[in-house]
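Below is one structure, written out as C-alpha cells, with a few remarks after it.
The basis for the numbers below is simple: all heavy atoms, side chains too, and nothing from hydrogens, waters or symmetry mates. Position 1 is the first residue of the sequence, and the numbers go up from there.
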Amino acid sequence: MSMSAASPVVAKHGALRPLGIGAVTLDPGSFWGGRQDLVSSTSLAHIRKWLGRMGWIRNFEENGRDASERGAEFSDSEVYKYLEALCWNQARTPDERAEAEIADITSLLERKQQPDGYVNTAFGGVGQRPRYSDLAFGHELYCAGHLLQACVARGRTTGLSDPLVRLGVRVADHLCEAFGPNGIAGICGHPEVEMALVEFGRLTGSSRYIEQAALFIERRGHRTLPRSYRGWSYFSDDVPVRDSVVMHGHAVRALYLDCGAIDVAAENGDTQLLAALELRWLATQQRRTYVTGGMGSRHLDEGFGEDFALPPDRAYSETCAGVASVMLSWRLLLATGEVLYADAIERALFNVVAAGYGEDGASFFYANTLHQRSLTNLVGKDAEELDFGGSNVRAPWYDVSCCFTNVARLFASLTAYVATTTATGVQVHQFFPGTVATILGGENIRISILGQYPQCGPVRIRIDECPETVWTLSLRVPSWAAGARLSFGDETRDLPPGYVTTTARFRAGDELELTLQMEPRWTDADPRVDAVRGCRAVEAGPLVLCAEFLQSDAVHHDTFRIPAGAIPIAREGSVGLDVELVEFDGPAVHVVGQTAIELIPYHHWASRGPSTMRVWMPVSDGVPVD
Ligand SMILES: [Zn+2]
C-alpha cells in the first residue's frame with residue numbers, strides 16, 4: 001500500500017489533474033517561496049509556542065480538561081492544522097526535529113483516542129459533556145475533519161502505513177459508525193468534516209468515507225440543528241446545498257461546506273450538484289466579495305452580507321475565509337478547467353490572504369478591513385485583550401487563532417496550486433517563480449517559471465525537459481491583463497484573457513514570454529455597492545493597492561480627494577498619485593492644496609507601525625474622473 005512520496009490524490013471526475021505536493025518548487029526569494037520559507041523557519045515554531053502557552057496541546061495529555069482555561073471547544077483543531085502544516089512542510093524541507101514533533105503528537109493522539117476511534121479533548125471525558133451532545137456549537141465533527149486533513153497530509157507525503165494515517169482510519173470508521181445511515185441523523189454546526197472525509201477516502205481508497213460525506217451534504221439545510229440566536233443560516237443549515245443560490249450566513253462555514261460538496265460531486269459525477277455550486281460561487285463573487293477577494297461583511301455572525309453590502313470600513317473578511325475561498329476555487333478549477341477560478345485564487349492569495357499573514361511570520365490579522373480609520377495602537381497588549389474583529393496591528397495570537405494555523409497549512413502546501421496536467425498537456429495557472437516537474441505520457445516534463453512576478457513583467461516560461469512528442473502548454477492570461485502578448489520563436493500573439501495554448505513539439509531550452517500589463521490601473525466597483533460610491537481603487541497586476549498614512553504624515557485617510565485626470569504612476573516599489581488636499585465646512589468640501597500620496601500593496605499595509613489606510617479612495621465631488 002505504499003505510495004510514492006508526495007503523490008497527488010485525484011478525484012474520479014474532473015477536467016484537470018492536480019500535481020503532487022513535491023512537483024513544484026518555488027524560488028526562495030520570490031513572493032510565495034519567501035513566505036513558504038518563513039512558515040518553515042518562523043511560523044511553525046511560533047504556533048508551537050502559543051499552542052503550548054494556551055495549553056491546547058496539554059489538553060491531549062490529561063484525562064479531561066477545564067474548557068474555561070484551555071480554550072474553546074474547537075481548540076483541538078488548531079493542533080491539527082499545525083500538524084497538517086508540519087506534514088506538508090516536511091515534504092518540502094525535511095527536518096528531524098519536525099519529524100520527532102509529528103511522532104510526538106501522533107503518540108499523544110493515539111493515547112487520547114478511544115477504543116472506538118473517537119478523539120476529542122472537550123467532550124466525553126470525566127466531568128465533560130457527553131459526546132455529540134452539542135452538534136450546533138461543539139465542533140466535534142469539525143475537529144475530527146481537521147484531524148483527518150492532517151492525516152491526509154501525512155499520508156500523501158509519507159504513505160499509508162504511517163501511524164497517523166492508521167489513527168485516521170479509526171477516526172473515519174468511527175464517524176461512519178456514529179453518523180452513518182443507522183447512526184445519529186445529524187450534522188456539525190461547522191462544516192469541515194465533509195471535505196476531510198472525501199480527501200481521506202481518496203487517500204485510502206475507501207468509498208465508505210465518501211458516502212458518509214455525501215450523506216452529510218444531503219442532510220444539511222433541513223434545519224435539524226437546534227435553532228440558535230444566530231439562525232440556521234449561521235450553520236448553513238437553512239437551505240439544502242443544492243437549492244442555495246448565493247453564499248450566506250457564516251462565511252467560513254459556507255465556504256467549507258461548498259468545498260465538501262464539490263468533492264462529493266467530483267467523486268460521484270454529480271453534474272447537477274456541481275452546476276449548483278458553480279452558480280453559487282459566481283453569484284457570491286459578483287455580489288458578495290471584496291476587491292481583495294475577501295468575503296464576509298458582517299461582524300455579528302462573521303457572515304456574508306446582502307448582495308452588494310460591502311462596506312470597506314466594516315469588512316470582516318476573515319483570513320480563514322480567504323484561505324477557504326482558495327480551497328473552494330481550486331476545487332472548481334480542477335472540476336471544470338475554467339479560468340475564472342484560477343483568477344479568483346490569484347486575487348485572494350495576493351491580497352486578502354497575504355495581508356492576513358505578517359511579514360515577520362509571527363503575526364496575523366483575523367479580520368481584514370479595507371479602510372482603517374483610527375490610529376489605535378494595540379502593540380504590546382496581551383492576546384486576550386486584542387480585538388480580533390479589527391485593529392491596525394497584526395497580533396501574535398488571539399483566543400481564537402484559527403486564521404494563523406490555516407494560513408500556515410495553506411502556505412506549506414501552496415505548491416499544489418500552481419499547475420495541473422491533462423492527457424495532452426500542462427497548464428500553468430499561477431506564475432509563482434519556480435519549477436514544475438511532472439510526467440506526461442510516461443515521460444518527464446520540467447518547466448521553469450522565470451521573472452519577478454508580481455513585482456514586474458514579463459513572465460518567461462522555459463522548457464527544461466520534455467517528451468519528443470507534440471503536447472500543449474496552457475498559460476493563464478489573467479482577467480485584469482488587457483493587452484497581453486505571448487512570444488514564442490518568431491511569433492508574437494495578442495491575447496484576450498483566458499488560457500492561451502501553445503501546441504508544439506517543444507525542445508529543451510525553448511522559452512515563451514508572456515507580457516502582462518503590470519502598470520497601475522483604476523478599478524471601479526459595481527455601481528450597486530453604495531458604500532464606495534464616489535470612490536475608486538488602484539490595482540497593479542494581481543495586487544490591490546491602498547493608501548496608508550502614518551501619524552506623522554501631512555495627509556490622512558480622510559483629507560484628500562482624487563482630482564479629475566489623475567493617473568497613478570509606478571515608481572520603484574510603490575505607486576505615486578497626485579491628489580487634492582481638502583478641508584470640510586459642514587457639507588462643503590474645499591480644496592486647499594495639492595500633494596502626492598504613495599500607494600502600496602494592500603497586503604503590505606500595517607507593516608510600519610500604527611497607521612490609517614484605505615483601498616477605496618474618494619474622487620473630487622461632481623468632477624468626472626478619467
Ligand atoms: Zn480564522
Side-chain angles (χ1 to χ4, degrees), residues 43 47 72 74-75 77-78 81 85 137 139 142 145-146 189-192 195 230 233-236 246-259 281 284-285 288-306 309-329 344-345 347-358 363-372 378 383 386-411 544 602-603 605-606 613 615:
S43 305
I47 291 169
F74 44 81
S75 65
S77 68
E78 308 310 346
K81 280 187 283 181
F137 290 101
H139 288 80
Y142 168 85
H146 277 302
H190 199 314
E192 153 65 28
M195 68 174 133
R230 285 173 172 153
S233 67
Y234 181 72
F235 308 117
S236 295
V246 65
M247 288 193 182
H248 55 280
H250 188 282
V252 177
R253 292 171 201 238
L255 288 157
Y256 279 1
L257 177 62
D258 279 14
C259 286
W281 182 93
T284 306
Q285 286 281 335
R288 299 188 174 189
T289 304
Y290 286 98
V291 68
T292 55
M295 292 183 180
S297 61
R298 290 206 310 226
H299 287 237
L300 180 66
D301 58 353
E302 307 190 291
F304 287 101
E306 300 294 321
L310 294 164
D313 45 1
R314 290 296 292 159
Y316 195 67
S317 194
E318 184 180 340
T319 302
C320 277
V323 171
S325 81
V326 170
M327 294 160 61
L328 176 60
S329 298
I345 289 171
R347 179 171 294 281
L349 277 178
F350 277 109
N351 298 293
V352 65
V353 176
Y357 180 71
S363 60
F364 66 106
F365 279 134
Y366 191 112
N368 291 279
T369 187
L370 279 75
H371 186 171
Q372 177 67 33
L378 295 167
L386 289 170
D387 173 14
F388 62 68
S391 74
N392 54 8
V393 288
R394 292 174 185 82
W397 202 253
Y398 300 96
D399 281 352
V400 177
S401 274
C402 47
C403 302
F404 200 35
T405 50
N406 226 350
V407 169
R409 70 182 183 136
L410 175 70
F411 285 5
V544 173
Y602 171 71
H603 66 76
W605 94 274
M613 177 278 295
V615 168

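- For the pair Ile47/Trp397, a side-chain contact is recorded, criterion being any heavy-atom separation below 4.5 Å from C-beta on.
- Counting heavy atoms from C-beta outward, Val352 and Tyr290 have side chains that stay 4.5 Å or more apart.
- In this structure a side-chain-to-backbone donor-acceptor pair under 3.5 Å is present from Ser297 to Ala309.
- Considering CD of Glu192 and CG of Leu257, their distance stands at 11.0 Å, rounded to 0.5 Å.
- Taking the ring centroids of Tyr398 and Phe364, they lie under the 6.0 Å cut-off.
- Considering all non-hydrogen atoms of both residues, Arg347 and Gly293 come closest at CG-N, 3.9 Å.
- Checking Ser401 against Glu78 by side-chain atom types alone, no donor-acceptor pair falls below 3.5 Å.
- A cation-pi arrangement is found for Arg253 relative to Tyr234, the charged atom lying closer than 6.0 Å to the ring centre and inside a 45° cone about the ring normal.
- A donor-acceptor pair under 3.5 Å links the side-chain atoms of Thr289 to the main chain of Thr284, judged by distance alone.
- There is a side-chain donor-acceptor pair under 3.5 Å between Glu302 and Tyr316.
- The distance from atom CG of Asn406 to atom CZ of Phe411, rounded to the nearest 0.5 Å, is 10.5 Å.
- Side-chain atoms of Ser43 and Tyr357, non-hydrogen and from C-beta on, do get closer than 4.5 Å to each other.
- Taking OG from Ser236 and NE2 from His248, the interatomic distance works out to 6.0 Å, rounded to the nearest 0.5 Å.
- When side chains are defined from C-beta on, Leu410 counts as touching Leu349, because their heavy atoms get closer than 4.5 Å.
- When all heavy atoms are compared, the tightest approach of Cys320 to Val252 is CB-CG2, 3.8 Å.
- Counting all heavy atoms, side chain and backbone alike, Ala315 lies closest to Asn368 at CB-O, 3.8 Å.
- A heavy-atom distance below 4.5 Å is found between the side chains of Phe304 and Met295.
- How far CE of Met613 is from CG of Asp313: 10.0 Å, rounded to the nearest 0.5 Å.
- Side-chain atoms of Lys81 come within 3.5 Å of backbone atoms of Cys402 as a donor-acceptor pair (strictly under, hydrogens ignored).
- Under a 3.5 Å cut-off, the side chain of Thr292 and the backbone N or O of Asn351 do not form any donor-acceptor pair.
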Evaluate Met327 against Val323 for side chain to side chain contact (heavy atoms under 4.5 Å, CB included), listing each step before the verdict. CA-CA 7 Å; Met327 294 160 61; Val323 171; 4.0 Å; yes
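- Residues Phe404 and Thr319 have side chains not in contact (no heavy-atom distance under 4.5 Å, counting atoms from C-beta outward).
- Ring pair Tyr142/Tyr256 is parallel by interplanar angle, where below 30° counts as parallel and above 60° as perpendicular.
- The CG atom of Leu310 sits 9.5 Å away from atom OG of Ser317, with the distance rounded to the nearest 0.5 Å.
- Considering all non-hydrogen atoms of both residues, Leu328 and Met247 come closest at CD2-CE, 3.3 Å.
- Ala324 approaches Cys259 most closely through the heavy-atom pair O-SG, 4.0 Å.
- In terms of heavy-atom proximity, Ser329 sits nearest to Trp281 at OG-NE1, 3.2 Å.
- Between Phe235 and Arg230, every side-chain heavy-atom pair lies at or beyond the 4.5 Å cut-off.
- No side-chain heavy atom of Val544 sits less than 4.5 Å from a side-chain heavy atom of Leu370.
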